[in-house]
Amino acid sequence: MMTRAYDEIYLDDAMENLGSALEYAVLVADLGGQEFLDLFIATEIADEFGMGNVSYISGMSGIELCRIILRECGLPLPEETGISHIDYPAEYWVGWILAYYQWYTGKTFSTICRRLRFAELGQLYDVLHEADPSKAVSVFDAMMSVKYETNLAVLRKNRDLTQDELARRVGVSIRSIQLYEQRQSDINRAKHHHLQSIARVLGCNIEDILE
């Protein structure tokens, strides 16, 4: 049986909190859905949430979670501290199902949200929001498996590094980097100390590099 990201007893709270946080961010704080998810990941609260830090997944409300993220990012806090609920809109569902998918797969939010974008998930709301979450898992897995740039290539370009620059800073051949990015070598089987070096240079977790 696959090991989940944290104990299932906290799952409902986690789903409720991320759903409410995203809903509040979009409908009250006037942020874009993807903008909020990017802030969530940038503050590293997403890492703590994904590892089951009870303070974030159960020890506060979703609105409080959102306000903490806004505060850490230096953004103004809305005067409204509640939501005039409209029966769980698409924004809520996207956060709710993202929390479930992260718990189910154990992938980091950074890895998931690089491939599953808010706009695409919002388009699935009408089809999936009344379905069992396992249906969304199947759909998301298929979306995640579509071949496109590797995590390594995306992260490298985000840091404005060429393949040669990354190779030199890591201490491997440029050919090694090319083979990983072309999926001719399986980065999941790379030596651990090479993965550590790549993650250090790119400023990410090893899990973010893996496919």
Side-chain angles (χ1 to χ4, degrees), residues 1-7 10 14 18 21 34-57 65 68-69 71-75 95 98-118 120-121 137 140-211:
M1 179 179 177
M2 182 185 295
T3 301
R4 305 305 178 203
Y6 47 84
D7 196 304
Y10 297 109
L18 192 56
Q34 190 61 50
E35 180 183 7
F36 172 73
L37 291 173
D38 290 343
L39 294 175
F40 176 50
I41 292 166
T43 59
E44 299 184 358
I45 289 175
D47 288 338
E48 293 293 320
F49 192 104
M51 291 185 291
N53 185 323
V54 177
S55 297
Y56 294 118
I57 66 175
L65 174 64
I68 286 174
I69 293 168
R71 188 180 298 115
E72 287 204 11
C73 293
L75 296 175
L98 275 176
Y100 181 88
Y101 187 68
Q102 188 277 325
W103 168 81
Y104 187 89
T105 63
K107 300 179 187 295
T108 65
F109 281 106
S110 178
T111 295
I112 294 168
C113 292
R114 274 201 305 271
R115 302 189 183 189
L116 304 182
R117 309 298 284 176
F118 176 83
E120 294 176 307
L121 297 179
V137 168
F140 293 175
D141 280 347
M143 295 169 66
M144 294 281 287
S145 68
V146 172
K147 295 297 183 183
Y148 49 86
E149 285 193 311
T150 62
N151 293 332
L152 176 62
V154 171
L155 288 164
R156 175 180 60 77
K157 291 176 182 179
N158 286 345
R159 300 298 186 276
D160 292 324
L161 293 173
T162 65
Q163 291 178 332
D164 182 56
E165 287 170 334
L166 177 60
R168 285 189 285 106
R169 292 174 64 174
V170 171
V172 299
S173 69
I174 186 173
R175 185 59 178 155
S176 294
I177 300 299
Q178 291 172 338
L179 290 174
Y180 288 140
E181 293 193 0
Q182 294 166 6
R183 292 191 173 91
Q184 294 183 43
S185 291
D186 185 357
I187 198 168
N188 295 344
R189 297 179 179 273
K191 293 179 180 179
H192 185 71
H193 69 275
H194 284 165
L195 291 173
Q196 284 182 315
S197 296
I198 293 172
R200 174 180 51 77
V201 171
L202 295 179
C204 65
N205 298 317
I206 288 176
E207 292 81 4
D208 295 330
I209 303 168
L210 303 179
E211 293 293 304

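Small disclaimer: the values here were computed from a predicted structure and weren't measured.
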(message) Looking only at the aromatic ring of each residue, does the gap between the centers of F49 and Y56 stay below 6.0 angstrom?
(response) no
(request) Give, for atom OG1 of T43 and atom CD1 of I68, the distance between the pair rounded to the nearest 0.5 Å. (result) 9.5 Å
(request) Using modelled atom types only, decide if a donor and an acceptor are shared between the side chain of S197 and the backbone of H193 within a distance under 3.5 Å. (result) yes
(request) Heavy atoms only: give me the nearest C73-L39 pair and the separation to one decimal. (result) SG-CD2, 3.6 Å
(request) Kindly say whether K107 contributes a backbone atom to a donor-acceptor pair with the side chain of T111 at under 3.5 angstrom? (result) no
(message) Is there a side-chain contact between L161 and L155 in this structure, where contact means two heavy atoms from C-beta onward sitting under 4.5 Å apart?
(response) no
(request) Given side-chain contact (heavy atoms from CB on, under 4.5 Å), test I112 with F140 step by step and report yes or no. (result) CA-CA 9 Å; I112 294 168; F140 293 175; over 6 Å; no
(message) Tell me the closest heavy-atom pair linking R200 and R169, and the distance in Å.
(response) NH2-O, 4.1 Å
(message) Using side-chain heavy atoms (C-beta onward) and a distance below 4.5 Å, is V201 in contact with R159?
(response) no
(request) Check whether the side chains of N53 and Y6 place a donor and an acceptor atom closer than 3.5 Å, and report yes or no. (result) no
(request) Taking all non-hydrogen atoms of both residues into account, name the closest pair between S110 and I41 and its distance. (result) CA-CD1, 3.9 Å
(request) Compare every heavy atom of I177 with every heavy atom of A167, then report the nearest pair and how far apart it is. (result) CB-CG1, 3.9 Å
(request) Give the C-alpha distance, both sets of side-chain angles, the deciding distance and a yes or no for side-chain contact (heavy atoms from CB on, under 4.5 Å) between I45 and L65. (result) CA-CA 9 Å; I45 289 175; L65 174 64; 3.9 Å; yes
(message) Rounded at 0.5 Å granularity, tell me how far CD in Q163 sits from NZ in K157.
(response) 8.0 Å
(request) Please answer whether the main-chain N or O of E207 pairs with a side-chain N or O of N205 as donor and acceptor at a distance below 3.5 Å. (result) no
(message) Counting only heavy atoms not in Q196 (residues, nucleotides, ligands), do more than 12 fall under 6.0 Å from its CD?
(response) yes
(message) Do Y180 and I209 have side chains that approach each other closer than 4.5 Å (heavy atoms only, starting at C-beta)?
(response) no
(request) State, with a plain yes or no, whether a side-chain heavy atom of Y100 is found less than 4.5 Å away from one of V137. (result) yes
(message) How close do L210 and I187 get, counting heavy atoms only, and between which atoms?
(response) CD2-O, 3.9 Å
(request) Report yes or no: does Q34 contribute a side-chain atom to a donor-acceptor pair with the main-chain N or O of F118 at less than 3.5 Å? (result) yes
(message) Donor-acceptor check, side chain of Q102 to backbone of G50, threshold 3.5 angstrom: yes or no?
(response) yes
(request) Assign the ring pair F36 / F40 to parallel, tilted or perpendicular, where the plane angle (0 to 90°) is split at 30° and 60°. (result) parallel
(request) To the nearest 0.5 Å, tell me how far L195 CG sits from H192 NE2. (result) 7.0 Å
(message) I'd like to check Y101 versus L116 (side-chain heavy atoms, cut-off strictly below 4.5 Å). Are they in contact?
(response) yes
(request) Look up atom CZ in R117 and atom CD in E120, then write down how far apart they are to the nearest 0.5 Å. (result) 8.0 Å
(request) Answer whether the closest heavy-atom distance between the side chains of V172 and I198 falls below 4.5 Å. (result) no
(request) Decide yes or no for Y10 and V54: does some side-chain heavy atom of the first lie under 4.5 Å from some side-chain heavy atom of the second? (result) yes
(message) To the closest 0.5 Å, what do you measure between CD1 (I174) and OG1 (T162)?
(response) 6.5 Å
(message) Under a 3.5 Å distance rule, please check whether R183 uses its side chain to pair with a backbone N or O of L179 as donor and acceptor.
(response) no
(message) Taking E181 first and then R156, would you say they form a salt bridge - that is, a charged N and a carboxylate O separated by under 4.0 Å?
(response) yes
(message) Using the rule side-chain contact (heavy atoms from CB on, under 4.5 Å), only one of D208, N151, L152, V154 pairs with L202; which is it?
(response) L152
(request) Indicate the atoms forming the closest heavy-atom contact of A14 with A99, along with that distance. (result) O-CB, 3.8 Å
(request) Can you measure from CE (M144) to CZ (R114) and round to the nearest 0.5 angstrom? (result) 8.5 Å
(request) State, with a plain yes or no, whether a side-chain heavy atom of Y104 is found less than 4.5 Å away from one of R4. (result) yes
